[in-house]
A.B. asks: 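Below is a structure I'd like to ask you about.
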Amino acid sequence: MPRKNPTTGPDGLTRRGFLTSMGTGAIGVAASADLFAAGKEAVDPQVMPAGRTSKVVLRINGETHVVLAEPRWTLLYVLREVIGLTGAKPGCERGECGACTVLIDGVARYACLTLAAEAQGSEVTTLEGLMDGETLGPVQTAFAEADAFQCGYCTPGQIMAVEGLLRTNPNPSAEEIRRGASGNLCRCGAYKHIFEAAHRAAELKRGK
Amino acid sequence: MFPDFDYVRPQSLQAAITHLADEAAVVHAGGTDLLGCLREHIFAVKKVVSISAVKELHGIDEAADGALRIGALTTIRTVAEHPLVRRRFSGLAQSASEVASPQLRNQGTIGGNICQKPRCWYYRGDFNCLRKGGGTCFAVDGENQFHCIFGGGGTCFIVHPSDIAPCLVALNATARVAGPSGVREVPLEKFFMRPEVDVQHETVLEPREIVTQILVPPPAAGTRSAYRKVRARRSWDFALAGVALALRFDGRRVVEGRVVLSGAAPVPWRSAEVEQTIRGKELDSDVIAAAAKAAVAEAEPLGKNGYKIPLFQGVIEEELARMSASA
Amino acid sequence: MADESKDIYFVQGIPVPDTPLPGKEPEAWQETNVVGKRLPRVDAYERVSGSAVYPSDVHLPNMLHGAILRCPHPHARVRNVDTSAASRMPGVRAVIRGTTPEADLVWKKDAAGEMRLFDPHCRFEGEEVAAVAAETPYQARDAINAIRVDYEVLPFVADERRALQAGSPPVHSKGNLSKSDTYERGDVTRGFAAAEVVLEESYRTECELHTPLEPHGCVASWEGRSLTVWESTQGVYAVQSRVAEVLKLPLARVRVIGHYMGGGFGSKLEAGKYTVIAALLARQSARPVKLLLTREETYLAVGNRPPCNMTLKAGVKRDGTLTALEFTCLATGGASPAGGTSLVDWLIRDLYTCPNVRTTLTDVFTNAGPARAFRAPGHPQGAWALEQMMDALAEAVGMDPVRLRLKNMAAFSQAREGNPAYTSTGFRKCLEQGAAAFGWEKARRETGAQAARGHMRRGVGMAGCLWVAGGGRPPSTVIVKLFSDGSVNLNMGASDLGTGTKTVMAMVVAEELGIKPEAIQIENADTGTTQYATPSGGSKTVPTEAPAVRNAAVQVKQKLMEMAAAALKTDVSELAYQGREIVSRRDASKRIAVKDLDALKRQGVVVGVGYRGPNPKNKVVNPFGAQFCEVEVNTKTGELKILRFVAAHDSGRVMNRLTYDNQVFGGITMGIGLAMTEARILDAGQTGKMVNRNWHDYKLPTALDVPADITSLPIGPADAEANNTGAKGLGEPVTIPTAAAVANAVCHATGLRITQTPINPLQLVQRLAERRKEG
């Protein structure tokens, strides 16, 4: 079972988030660029040909997965159907519902609008990656306690959105929570409990 | 589901431009808009050239003359949250923070945002419309409640979907563009293609050109900028009507100002009428009312978007009043 | 673990309800120890850890992915389907179409005639034309795109308001009138004559789409002649019967499993064509097939809340007494007889006392996707008209809107034959206590046009409701199995849609047996292993299943007591079940722990079987409610913001306060969608195609569109007559009055009566501008 995201520092900030939020003004601070730069000076990669699978190396929940994927396969498809991590859910596959939300380099993104090939060189964290063995992470615990879902299908995405929010904003205001959750639809309408869960998760993460 | 395509992620701009020479090759920045278009099969794509690994396209900094330089791959969230932007170009930060949803702001880039395809549901949907090379604009007689009231030119009635672009036009920004024949700079005001000029393109970019950087000149003393957006729901929605303002004040008097509308026209729509009405004036209620009225005087609504006339008036009135109150 | 692990399943020291003697019904609960508490769900861990397996997540060895080709025209005849290129595409393993012998099946017969699985006469955009299965969903879609279809494109009618006009193309050969109903009591002409104020208004609610987060779909797998389907459904037995019928299979050879499902709201009460198509593709390929609809397909072909065009004429005396209501509704269930006008008039007929009522419903065919039940079918539409009219009447006679409603309380069901009484009605209390909790009178005074400040206006509004059903009914069979260590297995056929069914049922068992809810393992929603249940929907799941669960648990207690009587050599009537122990009432030294019962150890388990008993005779079980809200309108831009809601609902006993509140919030959220953001848009004047088949263009409320300030106020007491748990349904009533309450609040804030959904800036700014023009 994957453990904690190794790029996450003790303060919950990712390296990328830290640098950009400091506004250093430097160009080229993105983690992906760093990783590409490491020991691979400007050797342009091969074209992944259409209609065939090619080797794709993904870092997911702190582990390296080498998979065969077509260029057009999304990260969501590879996570679910190739690797078997079904936490992230397909809801629209058009970047409109958020059920597929994962963290990429510490920030929430839609896995359905991310090509698997494009996720290479980044740290991907899925719902499964928030677990510590069989123990729920703080956001998951808060969602369970606050009954922050009904059918539960949007829930993995909601949890990841809140996780992403809290990693850069550990003490969000009520309005920041609402904005942070506003990229995830919940047709059952559990928003109010989601807000409460996010608030509680922030407390749990702060050790309260 | 996406069609089949080759994929490559070169690490240099030069290599990317080279790859773009291939048939039906397209640029992938954040990918949020491109992948949506691929799903809808809006245009043929045989090769996706991702520029996300091109280092020099990332990041924000300040030039020696005080201009803001924003790498084209800077995420919209970074634009919204960056201290430099917030401090000196609050309208730009505001507009970025109103884009789509948190996840899309985390992924979408400023370069991609200004190059995005229209959201017209006929264009995005299963309709062979004018912009896709067909013979009809379905919006003329159809469901045109989200379409333009300016600049349709009798051809295509999309609205430009970007919130950021109107602010960049208001701030007199420039896009730096790289292509096979080198680098050029295009003022944002001249960056967008009006449909009567070329109905199948939204920008003046040549086929193999890539936006590399946005340059925002240092604002003159007394300049304040703002962006206000009205939408049908409060997240993940494009503007029904919006206004980007960059006004230079001398005390309470507007010395000059640039006023650009979103949700109004196929391109970010600079309202010369508003600008003229407020130039040299204090923004009292008469001036504001006159400006709002002037803004829509030349509007040509379609069958179902007449509401945009009072809406733009309301938005402009509200936003000018807010600016005036803080002057 | 320590030794007390053997006792972990029993809760120490809490009383359990009395156990009736065999053959006797259990008495109504008094104080409860588990039921009614705020309990997180028994499957919360699974749902937040990602380990809950939804049908979308099922992944079988060698599984293929299916896809469906749908008719792109609102009305067309299929002349020819050429699948030759598609079947040669990479990865394609099965291709079927109407002329494929094993796919040449009758899907259903109804009043409009026979419909085939791949019907050559396509009457709406999205009808199924062909299907494929391939190694990846990408390849399946490539193959779909390679199928060439020759369509004869036919004229269409997409706007129900034109369906009956002369010259409109017929959707079915018998014409476009699907159904016409009239209801009448008293004499409306006399009623209007007796009125001192008569108002008349037209209303319209737009078509809404369910769009649950998990798309419709299934995984189908054959083992010899037996079919197993993992389906995202509200009712596994309903899916089983339809699939067996269409495929001409014995019921026993169709197993449908739906442990988890990602939302339905009425759109997943039955099998879809996709279920049968997946089974056929699996059979042809001899491989399991996963077939999930795309989001766009879910907009076209799996149901909607019909658009309703209504008129309401109402007469009232100056003292607020209603004298007559006359209502018409023209609506469409789309291209099939699908209940386009179903129950739209129910509130007009039954919510308020009114001696003279006439309703006329006209359900027409259009070339659009068929309707399906959508959370409280008909009711939110009817409430939109009736509850706005009540406000208008109140204003006309100078009464407070709450008082006008209180003036017309109904003591019995006027619309039903014989005017049966309600087992309970808390409507008055919902209005009074809801108004008090909201601070209605003060808020009414301090907001509204008279309190205008600048261009931002505030207003408050309210609306009431009942739900026509919500009492549940037989049949239901439930098995509760207690193991020799005291842990329990609960076996029931019902699906948990996310309403918390499993949790509520575990709480019922826990209440009766004195064990911890988490010690109860639940098997549900599997036709192969669980008992018969009707689909979960209509706010009937708790009042249907919970009594059966209670009966099953009681039977377990009875059997344990018989074992204890034998062990203690005493009469069972002398004993009391106290959870972990069974004790003599007369002699406290006579006691035996359940786990120590030799008979239990020998037998291994005790099985209790519970059935849902009949409902009370000549009585009606309905939930009631009233909602209050405050809004803010930007009169320059037409932007509407909902600031707060109070929802007072009489649904009998609260089974779990946490999931109860969640239902209330969810119903309000969905009602806000109807009020403010949602509308299907057909390109009716040109192509007839739906232009907003996605979650951007069809707008569900987001986290920023609903207020964080929502108060749920349950109105008691438990309904002692309804059933042995005292619970009535909750899921539907909580969404019925919401939209009308919002419209009333907007009217209070602006003076504008908005009679057409959605109240978005498009409409509101226009109306505000028109009024300014009128001066």
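Hydrogens, waters and symmetry mates are skipped; everything else that's a heavy atom, side chains included, is used.
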A.B. asks: To the nearest 0.5 Å, how far apart are CD in B/Glu81 and CG in A/Asn169?
C.D. replies: 8.5 Å
A.B. asks: Test your reading of the model: is there a side-chain donor-acceptor pair from B/Gln107 to the backbone of A/Leu113, 3.5 Å cut-off?
C.D. replies: yes
A.B. asks: Which atoms of A/Ser182 come close to chain B, meaning under 4.5 Å heavy atom to heavy atom: side chain ones, backbone ones, both, or neither?
C.D. replies: both
A.B. asks: Hey, does the side chain of A/Arg94 reach the backbone of B/Arg39 with a donor-acceptor pair shorter than 3.5 angstrom?
C.D. replies: no
A.B. asks: Would you say the side-chain atoms of B/Arg9 pair up with the backbone N or O of A/Glu118, donor to acceptor, closer than 3.5 Å?
C.D. replies: yes
A.B. asks: Heavy-atom cut-off 4.5 Å, strictly under: side chain, backbone, both or neither for A/Leu115 against chain B?
C.D. replies: both
A.B. asks: Taking everything shown except A/Arg52 itself, do over 12 heavy atoms lie less than 6.0 Å from its CZ?
C.D. replies: no
A.B. asks: For the CG atom of B/Asn106 and the OG1 atom of A/Thr101, what is their distance to the nearest 0.5 Å?
C.D. replies: 10.0 Å
A.B. asks: Hey, which of B/Leu38, B/Leu104, B/Val85 has the most heavy atom pairs under 4.5 Å with chain A?
C.D. replies: B/Leu104
A.B. asks: Hey, what do you get for CZ (A/Arg109) to OG1 (B/Thr32), rounding to the nearest 0.5 Å?
C.D. replies: 9.0 Å
A.B. asks: Taking side chain as everything from C-beta outward and backbone as N, CA, C, O, which of these in B/Lys46 sits under 4.5 Å from a heavy atom of chain A? Side chain, backbone, both or neither.
C.D. replies: neither
A.B. asks: Taking every non-hydrogen pair under 4.5 Å, which of A/Ala161, A/Gly98, A/Gly51 racks up the most with chain B?
C.D. replies: A/Gly51
A.B. asks: Using heavy-atom distances under 4.5 Å, tell me whether A/Thr74 contacts chain B through its side chain, its backbone, both, or neither.
C.D. replies: side chain
A.B. asks: Check whether any side-chain heavy atom of B/Tyr7 sits under 4.5 Å from a side-chain heavy atom of A/Ser54, and report yes or no.
C.D. replies: no
A.B. asks: Heavy-atom cut-off 4.5 Å, strictly under: side chain, backbone, both or neither for A/Glu96 against chain B?
C.D. replies: both
A.B. asks: Is it the case that atom NE2 in B/His41 sees more than 12 heavy atoms from other parts of the structure closer than 6.0 Å?
C.D. replies: yes
A.B. asks: Could you give the distance from CZ (A/Arg178) to CZ (B/Arg234), rounded to the nearest 0.5 Å?
C.D. replies: 9.0 Å
A.B. asks: Give the minimum heavy-atom separation between A/Arg72 and B/Phe5, together with the two atoms involved.
C.D. replies: CA-CZ, 3.4 Å
A.B. asks: What is the minimum heavy-atom distance between B/Ser101 and A/Gly183, and which atoms define it?
C.D. replies: CB-CA, 3.5 Å
A.B. asks: So what's closer than 4.5 Å to chain A heavy atoms on B/Arg86: side chain, backbone, both or neither?
C.D. replies: neither
A.B. asks: With a 4.5 angstrom heavy-atom cut-off, is it the side chain or the backbone of A/Cys100 that approaches chain B, or both, or neither?
C.D. replies: neither
A.B. asks: Pick whichever of B/Gly36, B/Pro102, B/Ala100, B/Ser97 has the most heavy-atom pairs under 4.5 Å with chain A.
C.D. replies: B/Pro102
A.B. asks: Keeping B/Asp4 on the side-chain end and A/Ala50 on the backbone end, is there a donor-acceptor pair under 3.5 Å?
C.D. replies: no
A.B. asks: For B/Glu185, does the CD atom sit with more than 12 other heavy atoms under 6.0 Å from it, leaving out its own atoms?
C.D. replies: yes
A.B. asks: Would you say the side-chain atoms of B/Trp236 pair up with the backbone N or O of A/Gly95, donor to acceptor, closer than 3.5 Å?
C.D. replies: yes
